[in-house]
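In what follows, chains are A, B, ... by sequence order, proteins preceding strands, each numbered from 1. Source: prediction; values computed, not measured.
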Number of protein chains: 2
Amino acid sequence: MPIRSNDQIIHKAAWLYYTHGLRQDEVAQRLEISRASIAMYLRRAREMGIVTITTSSELFSDDVLARELEDATGLTTAWIVPEDRQAMDPAAEMPVVAASVFLELINKGDRIGVAWGRTVYHIADVMPFADLRGVTVVQLCGNLGAPYSYRPDQCTTEIARRLNAEGINLYAPLVLSSERLADELRAEPVIREQLATISDCQLALYSVGGIEEDSHLVKCGALSAEEMHAMGDKGAAGVIAGQLIDRDGQWMDCAHNRRCMSADLASIRAIRKRMLVVQEDNKFESLIAALKGGFASHLIVTASMARRVLDRWSKEGLDKNSSGKT
Amino acid sequence: MPIRSNDQIIHKAAWLYYTHGLRQDEVAQRLEISRASIAMYLRRAREMGIVTITTSSELFSDDVLARELEDATGLTTAWIVPEDRQAMDPAAEMPVVAASVFLELINKGDRIGVAWGRTVYHIADVMPFADLRGVTVVQLCGNLGAPYSYRPDQCTTEIARRLNAEGINLYAPLVLSSERLADELRAEPVIREQLATISDCQLALYSVGGIEEDSHLVKCGALSAEEMHAMGDKGAAGVIAGQLIDRDGQWMDCAHNRRCMSADLASIRAIRKRMLVVQEDNKFESLIAALKGGFASHLIVTASMARRVLDRWSKEGLDKNSSGKT
DNA sequence: CATCATCGCTGACAAAAGTCAATGTGCCTG
DNA sequence: CAGGCACATTGACTTTTGTCAGCGATGATG
């Protein structure tokens, strides 16, 4: 096979171009053929593996993991909080990372939706101070009547205070005692308007709640442990802004959700930058549900969670990046 | 800002561009920064070794002359740097070839011995970046006290840095003023241990020094020009890792060698892949000595040197492969 | 021996990447 | 807190690279 002689010139072109950094026209001149041919040779050299271009894997393993997670799930950006031996407690580190990422995602004049939960509260707690006048922080879900350690309005208010932004609270309970009352309240102009503006947000911040007995919905009395358990049997997988979602991330048509004063899930999905922060590894199934439901464009998780998500995605053949070329 | 936010965005840009094959403007759009910045990030990614572009060095080994040289001398592999009209300056080309070959010879977890000299220094200077964690680069010979342009520790350190490997320097002078002191120093546990590990290397990189007046040993003051000349009369033919060898490549029992802190020649010979790079054509006799002494399993030379070696080998009837080929 | 198909190569043009001065932006210092 | 410094970022421009129709050589076929 006379392929050999062909290969030789391809090798040579690749060597001069990639290793020596000559330009294509210089290579062409030296090899005394047209530059167009050089361009073709170089493409073949790449295709044939005579030259290989690799992005370092071990050195930036967390970055690579993040990129893979983005590719698989279609996230805009993923941040991986490492779990090295020498690193700090990852769960403790995450709110810090989240806060700084959050800050960078804010643009002048943005409207920002903030939900509620332990994670969000911790993020608020370590949020740096900034001067973001013109930014508005709105509360994504209603308040808890009873005194509770992490109150939705506290999250909103604290973040707004730190950013020197305007905070707008939702003056309604998270859960009402009847569907009728919830409907009527939702119809109130002041409430309705506020809920209607949520889809205008450019950025949202929330975590996903679990459906275990230690869920906030149970702890704050919105649901009993038995009710929550029953919901789990009916397919509930997580909680977004106080509302139960099923394994596919869809709103569940249940009594609790109908009684819940919170942002319409469609409105939340309409927000361009949806920042989801998951600290606890046992929220894995809830995270999966939230991802499937499209509740995250920007995700912050631990490395092990990221790996589990990737694993699950590949097992279910959900990888959106079947087309990615090489 | 998040830790390593800079690296993060560079890595992401590199990932999208090189792994996904997006165009720069597409990457820019996705990351919401200007394309000019992307171009800059990508350059940095290449410089920092986040992406590595390697070309196979097959080009230089795929040569009739190289095969003949291997057959004659018993080398494992020879690489011939051509001296064509169209080729670049062969002397300038050689370090590049050497670096590329060197990289291909490294395996995960290897321990690599590196000696010192102008050639090795130049190789280090053009060594591509790579991600070879777990690889250890050890210094084969002691350091030069006086400030000198090519310092042994620099060679080791620079190569280790480029490979992202661990570099281990030998903290001892190359030449001591008395044999007694040299002996005592060699007996020091820290030194002794380090010298003892040299035979555990899987790969060594060095050149062979000449015994002319422009030899490094003379230039750095270890030997006077007269002394060197006298050693030549006594049969010295070259320098390996700072030590004089005779025309058969054997260690010379001389004052200089006894005062020299360097790897035992037997240890060097024990290394499986001994990569010898000879740039200067006037080192011919030294090269012959090194080959006879078994200091090369992998050789990189110019075509004319290769021919001269073949010529000498056939004249002396040393051809190890009298039965084999045509 | 004409014809056709194939393939590598090239010129010319379109697309993409590189470059650089000007501009922002934060950050430190006096 | 102004001023200045260092450096990241960008828009506009230049250079380099990718592409593809068309050309010519080669070789197989009727």
Side-chain angles (χ1 to χ4, degrees), chain A residues 1-53 55 63 77 99-110 127-135 162-165 324-326, chain B residues 1-53 55 86 88:
Chain A
M1 45 184 169
I3 297 164
R4 199 68 235 156
S5 62
N6 233 357
D7 262 20
Q8 190 77 15
I9 197 137
I10 293 179
H11 263 101
K12 206 150 194 168
W15 179 266
L16 292 172
Y17 185 77
Y18 286 108
T19 308
H20 276 277
L22 297 192
R23 291 192 314 269
Q24 290 187 0
D25 55 345
E26 293 178 300
V27 178
Q29 206 176 340
R30 199 176 283 259
L31 267 42
E32 296 177 325
I33 45 178
S34 79
R35 199 191 54 71
S37 297
I38 298 296
M40 193 194 63
Y41 291 162
L42 293 177
R43 173 149 35 97
R44 284 212 216 142
R46 287 185 299 260
E47 285 166 0
M48 293 167 63
I50 291 173
V51 306
T52 53
I53 301 177
T55 58
D63 288 341
T77 311
S100 58
V101 167
F102 180 74
L103 211 53
E104 284 189 1
L105 289 178
I106 302 173
N107 290 318
K108 222 172 160 67
D110 274 0
M127 185 69 65
F129 289 86
D131 185 20
L132 293 167
R133 254 172 266 205
V135 167
R162 301 250 184 163
L163 304 185
N164 197 25
K325 49 113 276 157
T326 294
Chain B
M1 61 178 162
I3 307 89
R4 291 176 49 206
S5 68
N6 266 355
D7 278 10
Q8 182 93 13
I9 196 128
I10 291 177
H11 187 271
K12 186 150 184 174
W15 179 271
L16 291 173
Y17 187 77
Y18 287 108
T19 308
H20 274 271
L22 297 192
R23 292 193 313 267
Q24 291 188 357
D25 57 344
E26 294 178 301
V27 177
Q29 206 176 341
R30 201 180 279 224
L31 300 184
E32 295 178 326
I33 47 180
S34 76
R35 201 191 51 74
S37 297
I38 298 295
M40 195 197 63
Y41 289 162
L42 293 177
R43 172 148 32 98
R44 284 218 215 136
R46 286 184 300 259
E47 284 167 0
M48 293 167 65
I50 291 176
V51 303
T52 55
I53 301 178
T55 56
Q86 83 207 30
M88 353 241 349

Less than 4.5 Å apart, side chain to side chain, heavy atoms only: is that true for [X] and [Y]?
{"X": "B/Ile9", "Y": "B/Ile33", "result": "yes"}
{"X": "A/Leu103", "Y": "A/Leu163", "result": "yes"}
{"X": "A/Arg30", "Y": "A/Glu26", "result": "no"}
{"X": "A/Leu105", "Y": "A/Thr77", "result": "no"}

* **Heavy-atom closest contact (B/Ala13 atom, B/Ile38 atom, distance)** => CB-CD1, 4.3 Å

Nearest-Å distance for atom pair [atom1]/[atom2], residues [X] and [N]:
{"X": "A/Ile38", "N": "D/dC20", "atom1": "CD1", "atom2": "P", "value": "19 Å"}
{"X": "A/Arg44", "N": "C/dC7", "atom1": "CZ", "atom2": "P", "value": "11 Å"}
{"X": "B/Leu31", "N": "D/dT9", "atom1": "CG", "atom2": "C1'", "value": "14 Å"}

* Measure up the B/His20 and B/Trp15 rings against each other and bin them: parallel (under 30°), tilted (30 to 60°), perpendicular (over 60°). => tilted

* Please determine if a side-chain N or O atom of B/Tyr41 lies less than 4.0 Å away from the OP1 or OP2 oxygen of D/dA8. => no

* Structure fact -> Counting primed atoms, P, OP1 and OP2 as sugar-phosphate and everything else as base, the B/S/- map of nucleotides 10-21 of chain C against protein heavy atoms under 4.0 Å is BB----SBBB--

